[in-house]
Amino acid sequence: DAGVIQSPRHEVTEMGQEVTLRCKPISGHDYLFWYRQTMMRGLELLIYFNNNVPIDDSGMPEDRFSAKMPNASFSTLKIQPSEPRDSAVYFCASSARQGKVGAITDTQYFGPGTRLTVL
Amino acid sequence: RKEVEQDPGPFNVPEGATVAFNCTYSNSASQSFFWYRQDCRKEPKLLMSVYSSGNEDGRFTAQLNRASQYISLLIRDSKLSDSATYLCVVIPSGGYNKLIFGAGTRLAVHP
């Protein structure tokens with residue numbers, strides 16, 4: 001079975017350019033998460049969706065970042081304009097509600113990540 | 001203070017050694033705990049959940065001490081393939097699906 005798919009795997013761009021990262025979650029999963037990982041701050045949750053609706057975007061650093069999920073099989077994270085401090089690995093993850101009574105959470109499956117470098 | 005704190009390591013151990021990592025969390029109302037493993041330049045993967053009574057999965061044992069707010073991971077009989085970064089993960093109270101990651105502890109197992 002295909003896991004979470006992210007594209008591109010690597011992106012090098014110049015400061016001020018628009019960057020769009022893409023994610024295809026595992027089929028049937030109804031939660032989608034965007035994370036950012038840097039040496040300084042570790043792995044941080046940026047935003048997550050449930051059934052294509054944004055639930056919590058409190059981790060989105062600023063207005064330059066936006067995320068959309070137009071359908072159950074596709075999501076984008078956009079940075080406009082990009083800055084050197086946005087350089088990081090961006091992971092997408094998905095999970096499926098197991099429907100267990102009292103379940104605290106469900107296993108999140110991460111994609112391979114997009115390594116973004118902003119010059 | 002960070003919500004989840006870990007010793008970054010690295011822990012350099014020979015094959016066959018037993019190694020233990022600790023992690024502390026600041027929110028006493030945190031409700032769920034996990035260990036994730038991340039190989040170099042790869043994505044994180046769930047290693048195991050951590051239950052109040054402690055749990056074991058093969059060579060791996062996880063313990064939770066709610067009173068002291070720390071979580072531990074013990075790896076017995078270390079293998080070269082155990083070399084990775086181990087991330088402590090906490091879900092805060094009311095934070096369904098909102099994983100808070102520690103910075104990770106790096107383990108290097110050598111022959």
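Order of the sequence lines sets the chain letters (A, B, ...), proteins ahead of strands, with each chain counted from 1.
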- line: When the 4.5 angstrom heavy-atom criterion is applied to A:Tyr35 and chain B, the contacting part is side chain

query: Are B:Phe34 and B:Leu74 connected in a single hydrophobic cluster, I mean Ile/Leu/Val/Met/Phe/Trp/Tyr linked by side-chain heavy atoms less than 4.5 Å apart?
result: no

Toward chain B, the part of A:Glu44 with a non-hydrogen atom under 4.5 Å: neither

In one Ile/Leu/Val/Met/Phe/Trp/Tyr side-chain cluster, 4.5 Å: B:Ile75, B:Leu46: no

message: Tell me whether B:Phe60 at atom CZ has more than 12 heavy atoms from other residues, nucleotides or ligands lying less than 6.0 Å away.
response: yes

query: Any chance CZ of B:Arg106 has more than 12 other-residue heavy atoms, nucleotides or ligands included, within less than 6.0 Å?
result: no

query: Under a 4.5 Å heavy-atom cut-off, does chain B meet the side chain of A:Asp56, its backbone, both or neither?
result: side chain

query: Linking I/L/V/M/F/W/Y whenever any side-chain heavy atoms sit under 4.5 Å apart, do A:Val89 and A:Val12 land together?
result: no

- request: Report the distance from atom CZ of A:Phe110 to atom OH of B:Tyr36, rounding to the nearest 0.5 Å.
  value: 5.5 Å

query: Any chance CD of A:Glu14 has more than 12 other-residue heavy atoms, nucleotides or ligands included, within less than 6.0 Å?
result: no

- request: Identify the two heavy atoms, one from A:Ser58 and one from B:Lys98, that lie closest to each other, and give their separation to 0.1 Å.
  value: OG-NZ, 3.3 Å

- prompt: Looking at CZ of A:Phe33 and CG of B:Leu99, how far apart are the two atoms once the value is rounded to the nearest 0.5 Å?
  reply: 6.5 Å

query: Got more than 12 heavy atoms from elsewhere within 6.0 Å of CG, A:Asp63?
result: no

query: Which atoms of A:Thr38 come close to chain B, meaning under 4.5 Å heavy atom to heavy atom: side chain ones, backbone ones, both, or neither?
result: neither

- request: Go through the atoms of A:Arg41 and report whether side chain, backbone, both or neither lie under 4.5 Å from a heavy atom of chain B.
  value: neither

task: Could you tell me which portion of A:Leu43 (side chain, backbone, both or neither) has an atom closer than 4.5 angstrom to a non-hydrogen atom of chain B?
output: both

